[in-house]
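When a residue number appears, it is its place in the shown sequence, counting from 1. Just follow the structure's listing: the first ligand is 1, and inside any ligand the first atom is 1.
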Amino acid sequence: MAAKNKERNPMEVITALAKRRGFVMPTSEIYGGIGSSYDYGPLGIEMKRKIADLWWKEMVRKHENIVGIDSSIIYHPRTWEASGHVDGFVDSMVDCKKCKSRFKAEDLVEHVKKAKGLNELPLTPDGENLDPDNPGYAQLPCPKCGNRDTLTEPRNFNLMFKTHVGPLEEAADKVFLRPETAQGIYVDYPQVQTVSRLRPPFGIAQIGKAFRNEITPGNFIFRTREFEQMEMQYFVKPGDEDEAMEYWKEERLGFWRDVIGIQGDNLRLREHGPTELAHYAKAAWDIEYKFHFGFSEIEGVHNRTDYDLKRHAEFSGREKDLQYFDDQTRERYLPYIVETSAGLNRGMLATLLDAYCEDEVDGQTRVVLKLDPKVAPTTAAIFPLTKKDGLPEIARKIYDDLKLDFNVFYDQQGNIGRRYRRQDEAGTPFCFTVDHQTLEDNTVTIRDRDTLDQPERPKIDALPGILAEKLRN
Ligand code: ATP
């Protein structure tokens with residue numbers, strides 16, 4: 001029945017819906033907004049929190065050997081020297097002197113390949129051997145305005161946001177906003193392991209903001225400069241990391257598919273080729289969603305070896321503290337780390353795009369977000385059929401009895417059909433309607449968002465149990 005929206009650009013459609021219904025909107029719009037920064041509105045914050053809570057449940061509550069932390073955003077600046085971010089967290093950018101567009105050097109060849117006139121290119125780079133020092137960049141035509149000899153040579157640019165602690169902006173006080181949450185886990189690991197009495201394999205999880213001064217943010221909330229990560233670092237005995245990678249790859253793919261409800265055909269696992277691997281990684285897999293611009297990463301599963309702990313041992317001089325001591329075998333070693341690193345905002349975007357449908361109902365186009373009930377901002381809407389005969393009072397009482405345990409919404413304005421449509425667009429899976437039969441037998445209708453059926457009339461006191469069942473993992 002449901003026909004996916006194919007004609008228009010799905011990102012534009014979802015961006016408009018997100019703004020119209022208060023999922024996600026540009027920040028500080030009264031001042032014209034600020035590039036690629038977004039605020040989450042009443043529906044968006046509910047959905048984002050649900051995804052985050054499901055992740056937490058999946059990682060921390062499901063696994064006895066995983067605990068959570070919440071570390072600060074500003075770490076000791078030596079953290080970023082040790083991690084390699086001060087020297088290595090750079091992108092290479094190219095500007096067009098004519099139209100002022102800016103490109104990531106690594107994206108440029110792809111842009112140009114896609115653009116018209118490829119065959120006339122003076123060079124045909126293969127896209128695999130991108131070298132930031134390659135002087136050939138300046139000869140490529142600008143993918144935006146098409147002019148030649150207007151591109152600058154690539155310039156390296158550190159993606160970390162810098163700021164100062166304290167009133168004096170002296171070099172010694174320079175700090176960074178964290179570009180990933182992982183390092184906060186590494187530097188806290190000895191304490192967390194001790195207080196929680198963990199033995200490898202064990203994990204430490206955290207959800208929090210990360211900041212990257214991206215050169216080319218865009219695609220709505222796909223790439224922003226401020227975003228949230230859901231990361232789990234899994235500490236294993238050296239030699240056990242391959243098995244851990246296998247386990248976590250499948251677990252994480254299963255999370256997006258079975259828990260969040262993204263269609264399996266739109267997800268895939270992709271292994272990084274040798275040229276793609278980050279400096280710290282021995283193996284890396286991306287979980288990718290089929291966006292309309294191509295399969296792209298929503299989460300990475302990385303074998304980071306003992307690189308990070310080794311570096312922190314070296315830079316802090318606290319090697320012994322960072323080693324794990326096995327009191328049974330009397331062995332002392334630096335654990336290897338397998339990381340699962342997901343983008344909360346990017347995952348939410350994939351979930352929204354995946355759920356968007358349009359179909360025809362009663363000769364009209366119906367917009368519906370077929371979100372899994374677990375991630376839908378509102379689980380059930382409660383309506384009185386009319387404003388008369390005591391129906392609103394009964395409906396309100398149902399709402400009041402459910403509201404502390406479930407996300408429910410009360411609405412008595414307008415005709416019932418329009419009220420249903422508004423909930424379809426917000427992704428609300430169930431609507432309970434109080435009608436005249438309720439006065440006789442204490443039952444309500446349940447209208448299913450996807451089938452439009454109203455298969456049963458449960459008693460009012462059965463509603464909490466029905467909702468709890470629908471939300472079960
Ligand atoms: P990309 O190649 O897209 O820049 P990445 O490989 O640098 O991503 P990681 O460092 O592995 O990303 O970060 C883990 C996750 O954090 C990504 O899978 C993504 O979901 C999210 N993420 C990274 N950068 C951003 C960003 N600028 N905006 C939103 N989410 C991001």
[atom]: the protein heavy-atom neighbour that sits closest, reported with distance to 0.1 Å:
{"atom": "atom 15 (C) of ligand 1", "answer": "S341 O, 3.7 Å"}
{"atom": "atom 4 (O) of ligand 1", "answer": "R223 NH1, 2.7 Å"}
{"atom": "atom 29 (C) of ligand 1", "answer": "F222 O, 3.2 Å"}
{"atom": "atom 28 (N) of ligand 1", "answer": "T224 N, 3.0 Å"}

Distance-only donor-acceptor check, side chains [X] and [Y], under 3.5 Å:
{"X": "D354", "Y": "Y289", "result": "yes"}
{"X": "E46", "Y": "T378", "result": "no"}
{"X": "R252", "Y": "Y247", "result": "no"}
{"X": "T27", "Y": "D39", "result": "yes"}
{"X": "T181", "Y": "E231", "result": "yes"}

Heavy-atom proximity to atom 31 (C) of ligand 1, best of F227, F211, Y289, F89 |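 Shortest heavy-atom distance from atom 31 (C) of ligand 1: F227.
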
Selection from Q229, E231, R212, H272 by shortest heavy-atom distance to atom 10 (O) of ligand 1 |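 The option holding the nearest heavy atom is R212.
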
Enclosure of R20 CZ (heavy-atom neighbours >12, cutoff 6.0 Å) |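 Counting other residues, nucleotides and ligands, CZ of R20 exceeds 12 neighbours.
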
Do [X] and ligand 1 have an N or O pair less than 3.5 Å apart?
{"X": "I298", "value": "yes"}
{"X": "E214", "value": "yes"}
{"X": "G343", "value": "yes"}
{"X": "R225", "value": "no"}

Got M232 and I66 here, is their nearest side-chain heavy-atom distance under 4.5 Å?
->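 Yes, their side chains come closer than 4.5 Å.
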
Would E297 count as a contact of ligand 1 if the rule is a heavy atom under 4.0 Å away?
->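 Yes.
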
Which bit of H302 gets closer than 4.0 Å to ligand 1, counting heavy atoms only: side chain, backbone, both or neither?
->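 Side chain only.
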
Kindly indicate whether a cation-pi arrangement holds for R346 with F222, taking the cut-offs as under 6.0 Å to the six-membered ring centre and within 45° of the axis.
->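 Yes, R346 lies over the aromatic ring of F222.
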
